[in-house]
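Below is one structure, written out as structure tokens; the observations come after it.
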There are 2 protein chains.
Amino acid sequence: MTNSSRAAYHHGNLVEELIAATIGMIEEKGVDAVSVREAAKRAGVSPAAPFRHFANKTALMTAVAEQAMGRLTLSVQQELSATGDADPVEGLRAIARGYLAWALANPTHFDVIASRTVIDFHGSPKLTGETEAIRLVMLDLIARGQASGRISAALAPDALMLSARAFIYGLCRMWIDGHFAEWHVEKPAGQAMAEAVELFIDMIGGRHATNLSGT
Amino acid sequence: MTNSSRAAYHHGNLVEELIAATIGMIEEKGVDAVSVREAAKRAGVSPAAPFRHFANKTALMTAVAEQAMGRLTLSVQQELSATGDADPVEGLRAIARGYLAWALANPTHFDVIASRTVIDFHGSPKLTGETEAIRLVMLDLIARGQASGRISAALAPDALMLSARAFIYGLCRMWIDGHFAEWHVEKPAGQAMAEAVELFIDMIGGRHATNLSGT
DNA sequence: ACCGAATGTAAGCAGTGATTACATAGGAGG
DNA sequence: CCTCCTATGTAATCACTGCTTACATTCGGT
């Protein structure tokens, strides 16, 4: 009966409670204001106790990131499965929307995932694996889009892939990095970002013919 | 003769030497490993001395960021003036190239500018001003491109502007955040990023017609 | 019932940003 | 030349941090 809350010498489920306390601290004072001592205090435990479960602060933050990443991929996949797979471009649009929407709705969680200096991204199979999984889904969508002529075959898949990732990642990072502080006072930042996403996907879809001869 | 190096009780030009020491620390151990005590030690001065010139650690890091920003805008403007203003799209391409090239060549400096948690970006007129200046140049290029038909008028300037900024910012942040650790082993990350830039600018130029009717 | 493993505590170390009180140097004005 | 003010440095100290080591306690399997 490890689930009992006798709350004696042994805590019971310190791990999850430490993660929860950490998330609370992040939401209150930002990702840089996290301290494992404070997390221990909030869990009602000694300052050294967390180190029994996490080798160091980075490991604790990485655990938080893994939990956040799980929710992110869930959001993306839900958005993706809600879209039919008739048009690959719409699949890419769904991924972009899901990714952006989740980041806007959960800025603190996204902050943890994105702030690579405070987590051990490459040391976490879950983080690298789920990132790679999304990448492969996008690569498949691009390939199908080009096979059906929906995406120009002149666009190198690798470069297109990287462009799309950089775009959406940059958009989210600009958000959490505070780039929209004074921007677009007449228009909510979220709306501006959504419009940018639509424009970017439309560009991939090749909707905009111009005179290619230049000036 | 304040420039003399008598090196007595008063240091002479502690400010610049502290900034130099800070940059050295960043290049050695990363932006998060900076400590003002260590910077003071490297400058041969007491741990409290830096606080006579910088209100806090953030102010010191912001000074470093301002110096870095100056070099970034210089790089961008050089690349821009080296390109004729005949084709606005090529102007955008030049900005993107200059921005990316500088970030790749000076990752530590870019890291300081980008890591908004460690500097006071919005409190620095130089940082906000030079950022806004580049933004205005891009906005002008977009307007001219649309006026000449070189860029599709169907693309909302605001959204296009934001897309371009998010793209290039995301690319650079992916670089400094270590997203290219295992990627593209067969192809240098710098080359892959350059190709992504070319593709993105080409998309703005509308080079890629597809069947818009969908599948 | 016992014993080892898991999990907690207590105490302490080195390092951090920051503040306060005090010491020193240099330049302006008499 | 001397004095005084201000800029700039030092010394000492505080609260806090991540982390380690030695010790205490509890749980679970045999």
Side-chain angles (χ1 to χ4, degrees), chain A residues 1-22 24-26 28-65 112 115 117-120 123, chain B residues 1-22 24-26 28-65 112 115 117-120 123:
Chain A
M1 213 168 281
T2 58
N3 197 13
S4 108
S5 61
R6 289 190 70 263
Y9 194 92
H10 284 60
H11 186 283
N13 54 351
L14 230 198
V15 172
E16 294 182 13
E17 201 149 331
L18 284 172
I19 293 177
T22 302
M25 295 178 61
I26 295 173
E28 290 174 13
K29 297 183 293 180
V31 64
D32 291 317
V34 168
S35 96
V36 19
R37 287 179 108 98
E38 174 77 12
K41 188 182 298 180
R42 294 194 179 199
V45 98
S46 84
F51 292 93
R52 290 284 173 194
H53 303 275
F54 302 98
N56 46 34
K57 180 180 181 179
T58 299
L60 171 60
M61 300 301 283
T62 303
V64 175
V112 183
S115 66
T117 58
V118 92
I119 69 175
D120 180 19
Chain B
M1 210 169 281
T2 57
N3 198 13
S4 107
S5 61
R6 288 189 71 264
Y9 196 91
H10 283 61
H11 185 284
N13 55 349
L14 229 198
V15 172
E16 295 182 12
E17 201 149 333
L18 284 172
I19 292 177
T22 302
M25 295 177 61
I26 295 173
E28 289 173 14
K29 297 183 293 179
V31 63
D32 291 318
V34 167
S35 95
V36 19
R37 289 178 105 97
E38 174 77 12
K41 188 183 298 180
R42 295 192 180 200
V45 97
S46 83
F51 291 93
R52 290 284 174 193
H53 303 276
F54 302 99
N56 47 35
K57 180 182 181 179
T58 299
L60 171 60
M61 300 300 283
T62 303
V64 175
V112 182
S115 66
T117 57
V118 93
I119 69 175
D120 180 18

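What you see is a predicted model; the values in this text were computed from it and never measured. Below, chain A is the first sequence line, B the second, and so on; all start at residue 1.
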Notebook entry, point to check: In whole angstroms, how far is the C1' atom of C:dG17 from the NZ atom of B:K41?
Noted result: 15 Å

Next item on the list: Would you kindly compare B:A48 and A:A49 by the position of their nearest DNA chain C nucleotide and give the one closer to the 5′ end?
Entry: A:A49

Notebook entry, point to check: How close do A:F54 and A:A63 get, heavy atom to heavy atom, and via which atoms?
Noted result: CE2-CB, 3.7 Å

Checklist line | Within residues 28-39 of chain B: residues closer than 4.0 Å to DNA chain D (heavy atoms) | finding: B:R37

Check: Between CG of A:L18 and CG of A:L60, what distance do you get to the nearest 0.5 Å?
Finding: 6.5 Å

Notebook entry, point to check: Considering all heavy atoms of both residues, which atom of A:S35 and which atom of A:M25 are nearest to each other, and what is their separation?
Noted result: N-CE, 3.2 Å

Checklist line | B:M25 CE - C:dG17 C1' separation (whole Å) | finding: 13 Å

Note to self: Output the rounded distance in Å from CG (B:N13) to C1' (C:dA25).
What the structure shows: 16 Å

Notebook entry, point to check: Among A:I19, A:I26, A:D120, A:V36, which one satisfies side chain to side chain contact (heavy atoms under 4.5 Å, CB included) with A:M61?
Noted result: A:I26

Next item on the list: Using side chain to side chain contact (heavy atoms under 4.5 Å, CB included) as the criterion, point out the one residue from A:I119, A:T62, A:V34 that pairs with A:V112.
Entry: A:I119

Next item on the list: Figure out the CZ/P separation between A:F51 and C:dG12, and round it to whole Å.
Entry: 18 Å

Notebook entry, point to check: Tell me: NE2 of B:H53 to P of C:dA18, nearest whole Å?
Noted result: 16 Å

Next item on the list: Starting at atom CG of A:L18, determine the distance to atom P of D:dC19, rounded to an integer number of angstrom.
Entry: 14 Å

Notebook entry, point to check: Whole-Å distance between D:dT17 C1' and B:K57 NZ?
Noted result: 12 Å

Checklist line | Separation of atom CG in B:L14 from atom P in D:dT10, rounded to whole Å | finding: 8 Å

Just list the side-chain donor-acceptor pairs under 3.5 Å for residues 38-45 of chain A, sequence neighbours left out, or say none.
| residue | atom | partner | partner atom | Å |
| --- | --- | --- | --- | --- |
| A:E38 | OE2 | A:R42 | NE | 3.2 |
| A:R42 | NH1 | A:E28 | OE2 | 3.3 |
| A:R42 | NH2 | A:E28 | OE1 | 2.9 |

